[in-house]
Amino acid sequence: MKYVKIDIEKIEDMEVAIAKLLDMGISDVVIEDPADVSDLLNKEKDYEWDYVDDKVLDLKNREPRITIYVEGLEEGLSRFNQVKSTLTEYLVSNQVLDDTDWKDNWKEFFKPTKISDSIVVKPTWYDYDLKDGELLIEIDPGMAFGTGTHETTSLCVKMMEKYLKPGQKVLDVGAGSGILSIAAAKLGCKDVLGVEIDPVAVEIAKENVKLNQVDYVDIREGDLTKGLDFKANLVVANLMADLVMMLSKDVSKHLEKGGIYISSGILNEKVDLVSGVIKECGFEILEVKADGMWSVIVGRKNE
């Protein structure tokens, strides 16, 4: 399908420009404003960012810009002419594009990957011949959700392989596209609950559960463990340092005595901080393992 990309530049006052677009009935826009990046980075007093992508930092050096995407060539060009004739004080340009290529280009980077000793993750559009001892997870992640190849995911799966026993109960907090929940099922667990705050991710995870025929995996929408009545032998949480520390205060309520707590999404430089909080919450640290810039922490509930 053809679509038209409309760029608005030479913007001196972003709020005024957005107000004028709203008056025209245009609300779906992409805003690049270096002032927003500066504000975000200045909020370190209130919130310490684990990681800021270089692409975000690069926005500080760009000129303010508003971009509008309109599907359909005729409608897009009509909208462009309307914007250009109304916002005469700005530089307004357009580009006609075709989405038939770019919308699926990301798929070429997602190929079958062995993420642990036994677990292989593959997209639905690839064929793969399993080798002896391998377990297959087949997913269709959508463009916005995890494919399982990130270091934090593979670290969690490797620890699950090490500490899980068939038949145990597993709680996956921050389930994303459902890979860790499905991995638990593939490793022999028959009662698995995955909790995810993003409703779109929940639907994708549910589809991936069906795709892998592990119906005993339950995916629910929820905020960490709030309102949850579920006790497991193992809790896995692939989140980020601050959320792991927040979760650690309540996670023991959802673990049997001797239960295992696997947490990742933790930058190496924050391992000591997170480990300290996990210890304060009554866990014995069994091991810490790093892969690149990320680490996984494994704790055990002894009380």
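The first residue of the sequence shown is numbered 1, and numbering continues consecutively from there.
Counting only distance, with no hydrogens or angles, the side chain of Ser154 and the backbone of Glu151 share a donor-acceptor pair below 3.5 Å. Side-chain atoms of Gln168 come within 3.5 Å of backbone atoms of Lys165 as a donor-acceptor pair (strictly under, hydrogens ignored). In this structure, Asp7 contributes its side chain and Thr67 its backbone to no donor-acceptor pair below 3.5 Å. Without hydrogens or angle criteria, Ser177 side chain to Ala175 main chain gives no donor-acceptor distance under 3.5 Å.
Between Asn81 atom CG and Lys84 atom NZ the span is 9.0 Å, to the nearest 0.5 Å. Lys279 NZ to Cys281 SG: the interatomic distance, rounded to the nearest 0.5 Å, is 12.5 Å.
Inspection of the Ser248 and Tyr261 side chains reveals an N or O donor paired with an N or O acceptor under 3.5 Å. Residues Glu134 and Tyr128 bring a donor and an acceptor atom of their side chains to less than 3.5 Å of each other. Side-chain polar atoms of Glu161 and Ser118 form a donor-acceptor pair below 3.5 angstrom.
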Throw together a table of side-chain donor-acceptor distances under 3.5 angstrom for residues 10-26, partners on residues two or more places apart or in other chains.
{"unit_1": "Asp13", "atom_1": "OD1", "unit_2": "Glu15", "atom_2": "N", "d": "3.1"}
{"unit_1": "Asp13", "atom_1": "OD1", "unit_2": "Val16", "atom_2": "N", "d": "3.2"}
{"unit_1": "Lys20", "atom_1": "NZ", "unit_2": "Glu89", "atom_2": "OE2", "d": "2.1"}

For a quick test of your reading: what N or O donor-acceptor pairs under 3.5 Å do the side chains of residues 282-293 make, sequence neighbours left out?
{"unit_1": "Glu284", "atom_1": "OE1", "unit_2": "Arg300", "atom_2": "NH2", "d": "3.1"}
{"unit_1": "Glu284", "atom_1": "OE1", "unit_2": "Asn302", "atom_2": "ND2", "d": "2.8"}
{"unit_1": "Glu287", "atom_1": "OE2", "unit_2": "Lys162", "atom_2": "NZ", "d": "2.7"}
{"unit_1": "Glu287", "atom_1": "OE2", "unit_2": "Tyr163", "atom_2": "OH", "d": "2.5"}

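For His150, the side-chain hydrogen bond (donor to acceptor under 3.5 Å, both in side chains) criterion is met by Thr152, not counting sequence neighbours.
Taking 4.0 Å as the cut-off between side-chain N and carboxylate O, Lys270 and Asp272 do not count as a salt-bridged pair.
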task: May I have the step-by-step check of side chain to side chain contact (heavy atoms under 4.5 Å, CB included) for Leu91 and Ile8, ending in yes or no?
output: CA-CA 6 Å; Leu91 175 63; Ile8 304 168; over 6 Å; no
